[in-house]
Structures are given as C-alpha cells and as structure tokens.
Amino acid sequence: MKVLTVVGARPEFVQTAPVSRAIRRRHSEVLVHTGQHHDDNMSAVFFADCDLPPPDHQLAVSGGLHGDQTGRMMMALEPVMLAEAPDWVLVYGDTNTTVAAALTASKLGLPLAHVEAGLRSHDRRMPEEINRVMTDHLSQLLLAPTPAAVANLEREGIRHGVELVGDVRVDIVLDTARRSRPNLEKLLGRAGLLPEEPYALATIHRPSNTDARERLTAVVDALALVGVPVVLPVHPRLGKRLREFELVLGGELRPLEPLGFVEMMTLLSSCEIVVTDSGGLQKEAYLLGRPTVTLRDTTEWTETVEAGWNRLAEPEPETFRAAILAARTRTPKARPDLYGPPGTGKRIVDRLEAHLDAAQAVYRRTP
Ligand code: UD1
C-alpha cells in the first residue's frame, strides 16, 4: 500500500511518529507537511525529537483566517494527491490541516483514514470541533482511541469502518519520558528554578482563552495562584496576544520559548501539577501520572476527568484555587489503563490493510 500522510501542526508531528514507523516497515509512505506550523521550535524540533523522516512535500501554507488557511491548503494538497495517487490518505486529530486534507481526499475519491476519530467536546464554538466532526463524517476508516470515542461516533450514526485501536501517544510518551531525564536541570535553570524546586507546567493557546483581553487577563491572574512557580512555554498565539494586550508575565510565572517534545516530556515527568487548555497535554499528563487542571469548560478526554486525574475549571479565582487544591490533595492513587496497550501504530497499519477494499468500494458504488 501507498499511504499519504498529511501533517501540519505540532500535535500531528507527535501523533504520526509511531504510525509512520509502522507503515514504513511493511508499506510505503508519502509524508506531506502543509506548513501550518513552520517555526523551527514549532515544527523542525518535533521532526528531530520524534525521529520523523523529512517531509516529501512541503506546502508552506500558514497564517490567515480559517477559511483562507483551509482553502489554500486544499489548493496545495490537490495536485500532490493527484500526482501521488495513494491507496490511503491518513490524517490526525482536529486541526485545519486535518479537515483540509479530508475534504481534498474525499473530493478526489481517495480512501480516508482518521486517527483520533470520535473525540467530541460538544462545543461548536471550537474550530477543532468543526474539524473533527467533518473529518469523521468523511472517513472510511475511523481509528478511535477510546470506547467513549466509539460511542460518540455511534450517536452520530457512524458505525461502518470504526475500529478501537487505542491511543498513538502511549508509545511515544512513555519512550520519550524514559530517555529524557538528563535535560531536567538545564531546563529548570532556564526557567530560573533550582533542581529540587517544585513547579507547575502550564500551556495556554486556545483562541477562547487567548483572544479576548478580559479572559486572557483572568487566565494570567489565575496562573499566579497555583502556589508554586509555573513554567509556561509560550505558544505563538499566546505570545502575540500578550504583546497586543500589553500583559506581563511576572512573579511566579516563568515563560519559556515553545519547547520541543523531549523537553516537554522532561518537564512533564517531574512537575507537581499541570495547568493547560491543550488536548494532547491532558492525556500526556495522565499517561505520566501528573494531576491536571484544564482551563476550559469542556474536554474531549472525559475519561481523565472521570478517573479523577483531570479537573475542568474557569479562571475565576475561587473556582480555580479550589480546583488546584483538589488536584493536589484528592487525585486518586489508581490510574486505570484508559488508552490501550503500546503498539497502536502497528494496530493502525493492520486496520489500513484490512479495510482497503471496503474503503475503495465506497467510491465505486453507483447510486
Ligand atoms: C492549531 C490547531 C489546534 C492545535 C494547535 C497546537 C487548528 C484550528 N488549531 O492551533 O487544534 O491544538 O495548533 O499548537 O488547526 N504561528 C507562528 N509560528 C508557527 C505556527 C503558528 O507564528 O510555527 C502563529 C500563526 O501565524 C497564528 C498563530 O500562531 O497567528 C496560531 O496558529 P494557527 O495555525 O492559527 O493555530 P494554533 O492556534 O496553533
């Protein structure tokens, strides 16, 4: 089989690493980078950290409003897909890159497989929710990480081509955390921390938290209430808004440039608590046993909340303080296996092989 994988934003580089490796053991892969994330510290460092081969096609599309960005990606993807004529187009998660590739593949009649299918925040104000819903409804193979994701698809009437394969991050998170310890002291030094000092790790980048001055001010004020120094790698969207609103990160907040994956896993493994609005980090924190407060009112990773390891909170001071206290004192010892055993990459390749005929038949069927 020839699989054309489309990636473009930071989480997709991490997600594709174990799958690309598994594909290349038995088949051929064409790796396409849309360019959505392009800075070295948002892209190149992830290719190096996750040991990814260089992309076969670099489309250099980034910035702009959503329709503009997605449209330009589709225009750039179409000739590549036509020329490569793959058996499968493989996409990940919920970014504009994901939906652009899903729409382009579908219009060309190319079988589409979606890794991390079935996640829902049930919040249509999030661009990611629109991207996921669209991509799932266009996919012939829906690779779901959890039983909850399978149930979400069923509720939307999607039953064909759904496979519960576990989560692609299990392998890469555990492997990376295991071999990344030596960097810790240096990283803490960069954040002005001593080796044994307790700290929190925070990331903020959702438009709902960053794009309005009042909300971002509340988020920054809340981070100052965590009670230990907060290491905050600053995503470009957050950096841009902080400058625009002239907000300063002082006191216990320790901003850093965006970190690579190895550095992030190093800090995550040893932090006391995580505060985030990222999807991926909530799950990575669970896998490494770090209690989490999520600064949103919904999450796609509901099982981390049900297991008692993740708490949703608003940045309002009382609520936030209570969530931090609960995360510190009431996170249970038990951490059930929610995301399946290692080996998701191989399970995905098995399903791509098994579903190819059925997926191609969808586009051959006469009405
Ligand atoms: C995107 C995804 C989100 C994912 C996140 C991870 C969508 C709709 N959202 O959000 O699901 O969780 O990536 O980070 O696809 N920028 C740079 N340098 C870069 C990359 C971006 O300066 O290397 C700037 C962009 O020009 C833009 C801002 O950062 O102004 C945000 O980038 P954008 O691609 O719009 O989406 P993210 O917020 O990163």
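Fair warning: this is a prediction, and the values are worked out from it, not measured in the lab. Whatever order the structure lists ligands and atoms in, that order sets their numbers, starting from 1.
- Distance alone, capped at 3.5 Å, is enough to place a donor-acceptor pair between the Thr98 side chain and the Tyr92 backbone.
- Contacts of Pro11 with ligand 1, taken as heavy-atom pairs under 4.0 Å, involve the side chain alone.
- When each of Glu185, Glu257, Glu263 is paired with Arg190, the side-chain hydrogen bond (donor to acceptor under 3.5 Å, both in side chains) condition holds for Glu263 and for no other.
- The existence of a salt bridge linking Glu353 and Arg351 is excluded, since no basic side-chain nitrogen approaches an acidic carboxylate oxygen closer than 4.0 Å.
- Close approach of ligand 1 to His66 (heavy-atom distance below 4.0 Å) involves ligand atoms 8 (C).
- Of all the heavy atoms of His37, the ones lying under 4.0 Å from any atom of ligand 1 are found in both the backbone and the side chain.
- Atom OG1 of residue Thr203 and atom CG of residue Leu238 lie 9.5 Å apart, to the nearest 0.5 angstrom.
- Heavy-atom contacts of Gln69 reach the following atoms of ligand 1: 34 (O) (cutoff under 4.0 Å).
- Applying the 4.0 Å criterion to heavy atoms of Asp94 picks out, from ligand 1, the atoms 11 (O).
- Regarding atom 12 (O) of ligand 1, its nearest protein heavy-atom neighbour is His205 NE2, 3.0 Å.
- Atom 18 (N) of ligand 1 has Asp39 OD2, 2.8 Å as its closest protein atom, hydrogens excluded (heavy atom only).
- Protein heavy atom closest to atom 24 (C) of ligand 1, with residue, atom name and distance, is Pro236 CB, 3.8 Å.
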(Q) Glu128 vs Arg206, test: salt bridge (Lys or Arg N to Asp or Glu O under 4.0 Å). Steps then yes/no. (A) CA-CA 10 Å; Glu128 291 84 356; Arg206 296 268 159 224; 2.6 Å; yes
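- Nearest to atom 1 (C) of ligand 1 among the protein's heavy atoms is Gln36 NE2, 3.7 Å.
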Q: Evaluate the salt bridge (Lys or Arg N to Asp or Glu O under 4.0 Å) criterion for residues Asp136 and Arg132: first the C-alpha distance (whole Å), next the side-chain angles of each, then the deciding distance (0.1 Å), finally the verdict.
A: CA-CA 6 Å; Asp136 282 341; Arg132 295 179 194 118; over 6 Å; no
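- Near Met42, meaning under 4.0 Å from any of its heavy atoms, are these atoms of ligand 1: 19 (C), 23 (O).
- Nearest protein heavy-atom contact of atom 35 (O) of ligand 1 is Arg237 NH2, 3.4 Å.
- With a 4.0 Å heavy-atom cut-off, ligand 1 is reached by the side chain of Glu128 but not by its N, CA, C or O.
- Counting only heavy atoms, the protein gets under 4.0 Å from atom 4 (C) of ligand 1.
- For atom 25 (C) of ligand 1, the nearest protein heavy atom (residue, atom name, distance) is Lys240 NZ, 4.6 Å.
- The protein non-hydrogen atom at the shortest distance from atom 26 (O) of ligand 1 is Gly63 CA, 4.2 Å.
- A salt bridge does not link Arg120 to Glu300: none of the charged side-chain nitrogens sits closer than 4.0 Å to a carboxylate oxygen.
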Q. Under the salt bridge (Lys or Arg N to Asp or Glu O under 4.0 Å) criterion, do Glu314 and Arg296 qualify, and how do the steps go?
A. CA-CA 6 Å; Glu314 289 296 301; Arg296 285 172 50 189; over 6 Å; no
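- Of the listed options Asn41, Thr34, Thr95, Thr95 places a heavy atom closest to atom 2 (C) of ligand 1.
- Proximity of the aromatic rings of His33 and Phe13 is defined here by a centroid distance below 6.0 angstrom, and this criterion is met.
- With respect to atom 8 (C) of ligand 1, the closest heavy atom belonging to the protein is Asn96 OD1, 3.4 Å.
- Using a cut-off of 4.0 Å between Lys/Arg side-chain N and Asp/Glu carboxylate O, Arg213 and Glu246 are scored as not salt-bridged.
- Between the side chain of Glu272 and the backbone N or O of Pro198 there is no donor-acceptor pair closer than 3.5 Å.
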